[in-house]
Amino acid sequence: MQYKKLGNSELRVSTIALGTWGLGGGSVWSDRDSTAAEAARLLDACKEQGINYIDTAPVYGTGASEELLGAALAGRRHDFILQTKCSLNWRGEGGNFHYSRDGYTVNNDTRPEAIRRDVEDSLRRMKTDYLDSVIVHYVCKSFPVAETVGALEELIRQGKIRAYGLSNSQPTDLNEYQSAPEKKQGVSVVQEFFSILSPFHGRDYFPVCEKYNTTFQTYGVLEEGFLTGPAFLERKFAKTDIRSRIPWVEEQYHDGLRRAFEAWTPLCREKNCSFAQLVEAWALAQHPNMSLLVGMRKPENVADTVRCLTLSLSPAELAAMEETVKPIQVKVLDK
Ligand SMILES: NC(=O)c1ccc[n+]([C@@H]2O[C@H](COP(=O)([O-])OP(=O)(O)OC[C@H]3O[C@@H](n4cnc5c(N)ncnc54)[C@H](OP(=O)(O)O)[C@@H]3O)[C@@H](O)[C@H]2O)c1
């Protein structure tokens with residue numbers, strides 16, 4: 001495993017991070033609900049492979065992902081760098097309407113009191129007294145950024161969190177957070193969608209991350225499974241499932257995706273790797289300070305994923321890989 005500092009923080013994180021949106025199950029990852037024993041086995045696999053960086057969020061399964069992690073972390077909390085999120089809550093205390101699902105109304109609220117309550121709720125659900133990193137899940141223009149920064153910096157001073165970050169944001173948001181008078185440690189990580197099918201947002205972001213020494217963390221590098229191989233295109237998902245709501249579920253993209261898998265097959269044979277490992281290695285090659293966040297519920301996928309770190313792709317191979325998907329690349333993904 002490779003390890004890097006997370007932005008300007010003192011945290012030393014594995015280059016591959018475990019994403020646990022799927023662990024939350026429910027109507028959004030509707031094919032399976034995970035158990036506490038499965039969550040524990042997932043962390044065992046991470047430990048075995050050297051993955052110490054775990055990402056979750058209050059809204060993943062409306063508390064379920066955090067609670068499963070809390071149980072799985074018992075007795076080994078200090079072995080992991082635990083990252084969760086703030087701003088999206090279902091407490092009904094105001095903020096902007098974000099979505100309604102499964103009987104819960106989720107609002108986006110980046111005001112200081114909401115951030116503090118989010119952190120307390122996450123600490124309780126995960127049975128811990130500190131969070132390593134907390135990411136503003138959806139940056140929000142309605143409330144003053146300086147106050148949000150003030151609240152996050154205060155949580156660092158209190159020892160409740162060690163670093164903070166932004167998500168679903170723009171490079172201008174990072175500039176604004178970094179320019180707030182309350183900023184001390186600043187933004188350590190931005191977590192943004194990035195894959196070979198949607199690389200533009202990341203590319204706009206990379207120079208701004210470099211300017212502030214902020215880690216760029218990908219999400220959706222496998223496009224929720226659609227980049228794992230042609231068999232995935234045959235799968236059917238419930239209407240509420242995230243995988244029924246991203247572009248790749250539509251027939252119009254399937255020919256393009258099948259052509260890409262066909263074009264990548266000789267490279268996979270030559271490198272003795274899977275499509276998943278190939279597109280992960282492609283992503284890692286795009287930016288030097290990248291954290292590769294991969295959603296995994298199956299322990300065997302953890303061992304499989306880490307092999308992407310051993311692949312070496314030449315500039316010509318990287319360019320050729322992207323060339324095949326250029327006709328179907330999309331600019332914006334909102335998950
Ligand atoms: N900030 C945000 O708004 C935001 C949005 C989306 C995601 N995220 C975070 O980013 C993480 C990653 O994104 P994601 O989970 O949506 O999508 P993803 O990482 O693109 O894809 C996850 C899917 O790929 C499968 N997979 C993983 N490794 C595999 C392997 N080696 N072989 C075959 N299949 C493999 C997983 O299967 P199994 O589940 O069956 O193991 C899962 O179904 C999330 O879990 C979450 O922590 C953040």
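Whatever order the structure lists them in is the order used to number ligands and atoms, beginning at 1. Computed from a predicted structure; not experimentally measured.
- Atoms of ligand 1 found under 4.0 Å from any heavy atom of Thr305 (numbered from 1 in listed order, with element): 28 (N), 31 (N).
- Of all the atoms in ligand 1, the ones that sit under 4.0 Å from a non-hydrogen atom of Gly295 are 12 (C), 15 (O), 19 (O), 22 (C), 23 (C), 24 (O), 25 (C), 26 (N), 27 (C), 36 (C), 42 (C), 45 (O).
- The aromatic rings of Phe216 and Phe206 sit perpendicular to each other, their planes meeting at more than 60°, with 30° as the lower class boundary.
- The contact set between ligand 1 and His137, taken as ligand atoms under 4.0 Å from a residue heavy atom, comprises 1 (N), 2 (C), 3 (O).
- Proximity of Phe193 to ligand 1 is not established, as no heavy-atom distance is less than 4.0 Å.
- Each of the atoms 30 (C), 31 (N), 32 (N) of ligand 1 lies under 4.0 Å from some heavy atom of Asp304.
- Both the backbone and the side chain of Leu222 come within 4.0 Å of ligand 1, counting heavy atoms alone.
- Residue contact check: Asn168 has heavy atoms under 4.0 Å from atoms 1 (N), 2 (C), 3 (O) of ligand 1.
- Listed by number with element, the atoms of ligand 1 under 4.0 angstrom from any heavy atom of Glu223 are 20 (O).
- Aromatic ring pairs are classed by plane angle as parallel below 30°, tilted from 30° to 60° and perpendicular above 60°; the pair His201 and Phe193 is parallel.
- Stacking of Arg243 on the aromatic ring of Phe226 is not recorded, the 6.0 Å distance cut-off and the 45° axial limit not both being met.
- Under a 4.0 Å criterion applied to the non-hydrogen atoms of Thr20, ligand 1 contributes the atoms 45 (O), 47 (O).
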